[in-house]
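Worksheet for the structure shown next.
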Amino acid sequence: MLTLLRDLRRLRRDTALPQGRPASIAIRHVDAGSCNGCEHELTLATSPYVDLQRFGLGVVASPRHADVLLVTGPVTTRMREPLLTAYHAMPEPRRVAALGDCALGCNLLGSASELVGAVEELLPVDLRIPGCPPDPERIANALLALLEPS
Amino acid sequence: MSDHRERFALALSDGWRFADLHSTPTEIRTLLVRDDGRTLLERTPHAGSVPTIVDLAPAAGWDEREAHDRDGVRFEGHEPLRPLLDHDLRLDRWTVPVHGHDAHQVAVGPIHAGVIESGHFRFHVVGERILHLDARLFYKHRGLERAAEGRTLDEGLAYAARACGACAAANGIAYALACEDALGLAPTPQLARVRTLLLELERMWSHLNDIAAVCAGVGLAAGNNRFAALTERARRLNAALTGHRFLFGSVRVGGSDLLIERVVVHAAREEVEALREESRSAWRELLFNGSFQDRLPDVGVLDAANARILGAVGPAARAAGVAEDARAAASGLAYDGFAPVVPKRAAGDVRARLEQRALELLQTFEVLERLLEGRIGPADAAPGGVERPIGVGRVESARGATSCVVERDGDRVARLRLRTGSYANWPAVAHAAVGNLLPDFPLINKSFELCYACADR
Ligand code: SF4
């Protein structure tokens, strides 16, 4: 067993693969009322052209496993509670990213009674990713900033 | 007042089909369509109550529930009239009671485990077998239709188009056609061409995406990656042609401002040809992947009879053998000679819905190659028709027939109604889930690949 581990370590050291970044980030996405455009671009950010996973950025199934809450859409009144619940379920330290103009409160469409508005109205936003929708490369570039030591 | 029901029954026996029902504070409006594409809008004053038509057209179930939530209209005979838009009501008000040995509920959502839109599903199960599914959507309800009221007809377009990013062209064009119908304008062949191009560009990336989604649902990473890469190329093509990956801003009421030079059109045509060839080869790989193919048949069945009863539309209905496609009789668009396709094995299961996307992609490539010929310049809708207070527009989105009804007050929106293919199909998803195992639901759901945003508005 130990020999195997030693061999594995040597193999890793000897292969010419580039060194990975020394960090990874788990992202939980919450759609707080988007038009689905931001979701479709986020989906492609994990597809072959951009492939977020290779940078150590992965979308995880539960907020309990997440470092970052990535929120899309203008927050609707109906998504207010679920969004807060997801946030409070996250371990600390936790960060919030607002994805797309709607999440940033720009150019909102809808009835005032149905919208809370920008994500910022509810949660402390650490990262803003503008665009309607931002394309996969822009999403990836913005998220990569989270890997830099703050 | 009860003539609402009688007139509807008469129209049905006359060959009309239900397409939409919605309310205003004073009226019930029912939209009917014929195979030849003609539409008929019936208006009835309601004074708070009308007889239901849900027994004549079960497809009107959601529409009546929405009209009740929105304008307080009661539908006599529709019992129980469960809320649709309204949340925060007792569980037993919006779920169907399911009793029996070991029957229990599993609640999923509104937040799901992947990059998925928000919506709540309440499964009634015994063990892992689904007995019944109550979907509670409208978590993303933004009140777009109401917010459009009082805006100019031009401004109103955004409220329809941005209801859904995945169907922005279809919803926008349905809205523009409705406005033009009300204004007595008819699209010229040039305008018809550019709009048809937008609709098919949208269908191309959507169908590629939907095939990728089913691969993901099965856990076939190779298929998912390959079709996701093609989806990315299709969106880049959208951007090359219109400046936007989702075609936002390309639709206008009364005309089109798109200007695409001949060389760009030519390059786009070559890219469409390349995408056709590559999706063919990617599809062949899926066909020869035995373990993938074994996962698809007999899961999530929606047969033709139920598709008709529930008013299912689009690829979901055609995969069940219902050969209906709004493109076949579309007015104001360039679909001359278009005939709907259905798969040979129209079993209405996950496999048939997947195959349906592949078949429709071939049609879409063909239409695109025909339309991507020569420069695309500004185009207009020509005056000369009859002006009226309410206009109707219908298009076939990637999810199915989408109707838009616009009532105008001069050049302003008085009432907007957008009934999308997704709205029409959600009840069919709930139906198709019954009898299947709970872990199969994500796959079934992906095989319909409906938008929540489109339904919630
Ligand atoms: S920012 Fe644009 S794409 Fe994203 S949810 Fe809002 S309208 Fe849709």
Compare every heavy atom of Val115(B) with every heavy atom of Leu42(A), then report the nearest pair and how far apart it is.
CD2-CG1, 3.8 Å

Using a 6.0 Å cut-off, check whether atom CZ of Arg90(B) has over 12 heavy atoms from anything other than its own residue.
no

I'd like to know which of Ser111(A), Gly37(A), Ala112(A) tops the heavy-atom pair count under 4.5 Å against chain B.
Ser111(A)

Under a 3.5 Å distance rule, please check whether Asp31(A) uses its side chain to pair with a backbone N or O of Ser118(B) as donor and acceptor.
yes

NE2 on His87(B) to OG1 on Thr76(A), rounded to 0.5 Å:
9.0 Å

Glu39(A) versus Ile116(B): any side-chain heavy-atom pair under 4.5 Å?
no

What residues of residues 450-457 of chain B sit under 4.5 Å from chain A when you count only heavy atoms?
Cys451(B), Ala453(B)

Side chain from CB out, backbone as N, CA, C, O: work out which of these in Phe248(B) comes under 4.5 Å of a heavy atom of chain A, or both, or neither.
side chain

Has the side chain of Ser47(A) got a donor or acceptor atom that lies under 3.5 Å from a matching backbone atom of Ala229(B)?
no

Most contacts with chain A, counted as non-hydrogen pairs under 4.5 angstrom, among His244(B), Lys140(B), Arg146(B):
Lys140(B)

Tabulate, in ascending numerical order, the residues of residues 56-67 of chain A having at least one heavy atom closer than 4.5 Å to a heavy atom of chain B, or enter 'none'.
Val59(A), Val60(A), Ala61(A)

Look at the rings of His40(A) and Trp205(B) and say which category their plane angle falls in: under 30° parallel, 30 to 60° tilted, over 60° perpendicular.
perpendicular

Can a donor-acceptor pair be found, under 3.5 Å and without considering hydrogens, that links the side chain of Arg28(A) to the backbone of Gly114(B)?
yes

Between the main-chain N or O of Phe138(B) and the side-chain N or O of Arg78(A), is there a donor-acceptor pair closer than 3.5 Å?
yes

Please look at Leu115(A) and chain B and tell me whether the side chain, the backbone, both or neither of the residue comes under 4.5 angstrom of a heavy atom of that chain.
side chain

Got a second to check how far Thr77(A)'s OG1 is from Tyr139(B)'s OH, nearest 0.5 Å?
12.0 Å

Give me the atom names and distance for the closest heavy-atom approach of Pro82(A) to Ile111(B).
O-CD1, 3.5 Å

Anything in residues 128-138 of chain A with a heavy-atom distance to chain B below 4.5 Å? Please list those residues in order.
Cys132(A), Pro133(A), Asp135(A), Pro136(A), Glu137(A)

Of all the heavy-atom pairs spanning Arg142(B) and Gly33(A), show the shortest one and how long it is.
CD-O, 3.4 Å

Rounded to the nearest 0.5 Å, how far does OG1 of Thr231(B) lie from OH of Tyr49(A)?
10.0 Å

What part of Arg245(B) gets within 4.5 angstrom of chain A, counting heavy atoms only: side chain, backbone, both, or neither?
side chain

Would you please go through residues 147-159 of chain B and name the residues with a non-hydrogen atom below 4.5 Å from one of chain A, in numerical order?
Ala147(B), Ala158(B), Tyr159(B)

Can you say whether Ala163(B) sits under 4.5 Å from chain A via the side chain, the backbone, both, or neither, judging by heavy atoms?
backbone

Between Arg162(B) and Cys102(A), does a side-chain contact (heavy atoms from CB on, under 4.5 Å) hold up when you go through it step by step?
CA-CA 11 Å; Arg162(B) 266 175 58 194; Cys102(A) 285; 3.8 Å; yes

